[in-house]
Amino acid sequence: MHGGQGLLLLLPLLAACLGAWGRNQEERLLADLMRDYDPHLRPAQRDSDVVNVSLKLTLTNLISLNEREEALTTNVWIEMQWCDYRLRWDPQDYEGLWVLRVPSTMVWRPDIVLENKSQTYSTSEIDLQLSREDGQTIEWIFIDPEAFTENGEWAIRHRPAKMLLDAAAPAEAAGPQKVVFYLLIQRKPLFYVINIIAPCVLISSVAILIYFLPAKAGGQKCTVAINVLLAQTVFLFLVAKKVPETSQAVPLISKYLTFLLVVTILIVVNAVVVLNVSLRSPHTHSMARGVRKVFLRLLPQLLRMHVRLLAPAAVQDTPPQLQNGSSSGWSITAGEEVTLCLPRSELLFRQRQCHGLARAALEKLEKGPETGQSQEFCSSLKQAAPAIQACVQACNLIARARHQQSHFDSGNEEWFLVGRVLDRVCFLAMLSLFICGTTGIFLMAHYNQVPTLPFPGDPRPYLPSSE
């Protein structure tokens with residue numbers, strides 16, 4: 001039993017000694033390599049030698065794109081490979097040690113930093129190259145499917161990598177060189193469709209619906225249109241806070257919101273014009289023959305509108321001449337005009353007085369002249385004659401007043417019908433403009449796609465053969 005316990009204690013001690021021996025070999029190798037090593041010197045045996053550096057970029061996450069500041073935030077790994085002749089050893093001298101891991105600060109590193117702007121180097125010192133795997137040059141940004149996180153707003157369409165040289169440099173000296181990694185991304189439109197585009201289209205449709213209000217309801221129309229205008233201004237302000245402040249290009253969403261603002265402003269102008277036409281009267285405006293023909297005959301037939309035909313007196317071609325403040329062609333004497341201006345009670349009193357005289361004269365005519373009363377009858381008839389004449393004149397005056405009022409109402413009805421027809425024409429024009437403009441901008445967005453190939457004129461896809 002005691003011998004078994006001693007063996008168990010000896011085995012861990014032997015493993016610890018072997019571990020210490022392995023660490024001693026790595027320490028000895030590291031000490032030998034770093035004895036005369038200067039990390040600030042380029043690993044070139046001669047000044048004319050060029051150090052070949054291979055680059056490989058692995059994208060693990062596309063974090064965000066700040067459009068206003070035009071800054072793309074990503075998470076990448078840069079893999080660089082080169083050969084340093086000062087870090088060579090014979091594995092047989094170090095107990096078969098083939099791999100040694102050292103801190104990066106202890107060895108020479110190429111001064112390569114991934115920045116928004118490209119870093120250039122002279123080919124007389126460093127030769128930048130793209131990494132090769134399985135005999136194929138990696139001319140793309142590598143994406144590890146297991147480590148990559150998909151972005152919810154942007155989709156990567158192309159990710160090529162290119163080696164760029166200075167074309168103006170002579171052939172014997174290639175001049176500055178750089179490796180550029182491209183990311184061609186496309187926005188996923190669902191967020192903007194639900195939160196911006198769809199509300200804007202629905203709000204603008206409300207502005208179109210104001211044409212279904214009566215033509216005389218211009219105040220309500222302007223109120224609804226201005227409210228829609230304010231809502232669209234809020235959306236435009238929200239979008240303007242995200243887009244970059246540049247004049248080189250205008251986003252389609254900004255173009256569409258500006259188009260909706262223009263349509264809404266035109267709707268407000270149309271509502272004001274239609275209200276002005278609808279509230280006109282024969283006292284203020286005289287309708288021309290061409291206006292009556294176009295807006296009361298031709299356009300209602302073309303637009304399939306049910307317009308009630310007016311009386312012939314109201315649609316006569318020759319406009320009535322205003323006399324003594326009246327729209328009728330008949331002249332009114334000063335006495336008749338004063339009578340029209342009398343209060344209703346006084347006018348009825350005068351009519352009753354005239355009717356009383358006339359009724360007395362008619363009763364005497366029905367009874368016939370009595371004996372000895374012929375002289376009296378003639379005097380009564382002579383006395384009643386002015387009253388009868390005044391009664392007839394009053395009846396004619398009332399008839400003419402009714403005719404004038406009817407003619408005035410017909411004139412108002414004509415202007416109201418013109419306003420209705422003009423309102424329908426504006427509705428069709430704005431509806432066509434809204435549909436055509438919305439469809440055109442949506443088609444521009446549909447055809448504004450990322451090209452099939454990353455570079456025009458270059459047939460290479462810059463993708464792995466498996467993709």
Side-chain angles (χ1 to χ4, degrees), residues 50-67 70-82 110 112-145 147-151 153-189 244 246 248-252 443-467:
V50 177
V51 180
N52 296 324
V53 179
S54 299
L55 295 178
K56 179 182 177 181
L57 186 69
T58 302
L59 178 65
T60 59
N61 189 9
L62 177 59
I63 300 175
S64 64
L65 174 62
N66 191 331
E67 300 175 67
E70 300 182 0
L72 178 65
T73 305
T74 58
N75 189 4
V76 299
W77 289 93
I78 304 177
E79 180 180 332
M80 295 180 288
Q81 296 180 0
W82 68 92
I112 298 177
V113 180
L114 183 62
E115 298 178 351
N116 289 333
K117 59 180 181 180
S118 302
Q119 186 83 16
T120 60
Y121 303 90
S122 175
T123 55
S124 61
E125 298 178 355
I126 297 176
D127 184 16
L128 294 179
Q129 298 176 355
L130 295 173
S131 299
R132 294 180 63 87
E133 290 184 1
D134 300 331
Q136 185 180 10
T137 303
I138 303 178
E139 296 181 313
W140 55 83
I141 298 176
F142 184 77
I143 294 181
D144 188 359
F148 181 72
T149 303
E150 188 74 19
N151 187 271
E153 184 179 1
W154 300 94
I156 300 175
R157 298 306 182 190
H158 298 290
R159 40 189 171 90
K162 254 191 175 184
M163 184 75 187
L164 300 181
L165 300 176
D166 189 4
E172 59 274 7
Q177 58 179 336
K178 56 184 176 181
V179 176
V180 182
F181 298 93
Y182 298 88
L183 269 180
L184 277 70
I185 59 178
Q186 184 178 14
R187 187 192 304 276
K188 297 177 181 178
T246 178
Q248 297 180 354
V250 180
L252 284 178
L443 288 178
M444 291 173 59
H446 176 72
Y447 289 106
N448 186 22
Q449 301 290 336
V450 177
T452 306
L453 298 175
F455 302 108
D458 191 349
R460 291 182 296 174
Y462 293 90
L463 287 173
S465 57
S466 59
E467 298 184 12

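Sequence positions, counted from 1, serve as the residue numbers for this chain. None of these values were measured; they are calculated from a predicted model. Note that these values count all heavy atoms, side chains included, but never hydrogens, waters or copies made by symmetry.
- Contact of the His446 side chain with the Met444 side chain is not registered, since no non-hydrogen atoms from C-beta on lie closer than 4.5 Å.
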Q.
Using the rule given for salt bridge (Lys or Arg N to Asp or Glu O under 4.0 Å), can you reason through Glu139 versus Lys162, listing the C-alpha separation, both sets of side-chain angles and the distance that settles it, and then say yes or no?
A. CA-CA 7 Å; Glu139 296 181 313; Lys162 254 191 175 184; over 6 Å; no

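- The existence of a salt bridge linking Glu150 and Lys188 is confirmed by a sub-4.0 Å separation between a basic side-chain nitrogen and an acidic carboxylate oxygen.
- Residues Trp154 and Leu65 form a side-chain contact, since some pair of their non-hydrogen atoms from C-beta on lies under 4.5 Å apart.
- Distance check: Ile138 CD1 to Thr58 OG1 gives 8.0 Å after rounding to the nearest 0.5 Å.
- Counting heavy atoms from C-beta on, the side chains of Trp82 and Val53 come closer than 4.5 Å.
- At a threshold of 4.0 Å, the pair Arg187-Glu153 counts as salt-bridged, since one of the basic side-chain nitrogens sits closer than that to a carboxylate oxygen.
- Considering only heavy atoms from C-beta on, Pro110 comes within 4.5 Å of Met80 through its side chain.
- Taking 4.5 Å as the limit, every side-chain heavy atom of Leu184 sits out of range of all side-chain heavy atoms of Arg159.
- Contact check for Leu72 versus Leu62: side-chain heavy atoms found under the 4.5 Å cut-off.
- Here Trp77 pairs with nothing under the ring pair (Phe, Tyr, Trp, His ring centres under 6.0 Å) rule; sequence neighbours left out.
- A 4.5 Å side-chain heavy-atom check between Leu183 and Ile156 finds at least one atom pair inside the cut-off.
- Although no hydrogens or angles enter the test, the distance criterion places no donor-acceptor pair under 3.5 Å between the side chain of His158 and the main chain of Ile185.
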Q: Start with the C-alpha distance between Phe181 and Leu57, add both sets of side-chain angles, then the distance that settles side chain to side chain contact (heavy atoms under 4.5 Å, CB included), and finish with yes or no.
A: CA-CA 8 Å; Phe181 298 93; Leu57 186 69; 3.6 Å; yes

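- Looking only at side-chain heavy atoms (C-beta outward), Phe455 and Tyr182 come within less than 4.5 Å of each other.
- Under a 3.5 Å cut-off, the side chain of Asn61 and the backbone N or O of Asn75 do not form any donor-acceptor pair.
- For Gln186, the side-chain hydrogen bond (donor to acceptor under 3.5 Å, both in side chains) test picks out Arg157, Gln449, with sequence neighbours left out.
- A search for side-chain hydrogen bond (donor to acceptor under 3.5 Å, both in side chains) contacts involving Asp458 returns Tyr462, not counting sequence neighbours.
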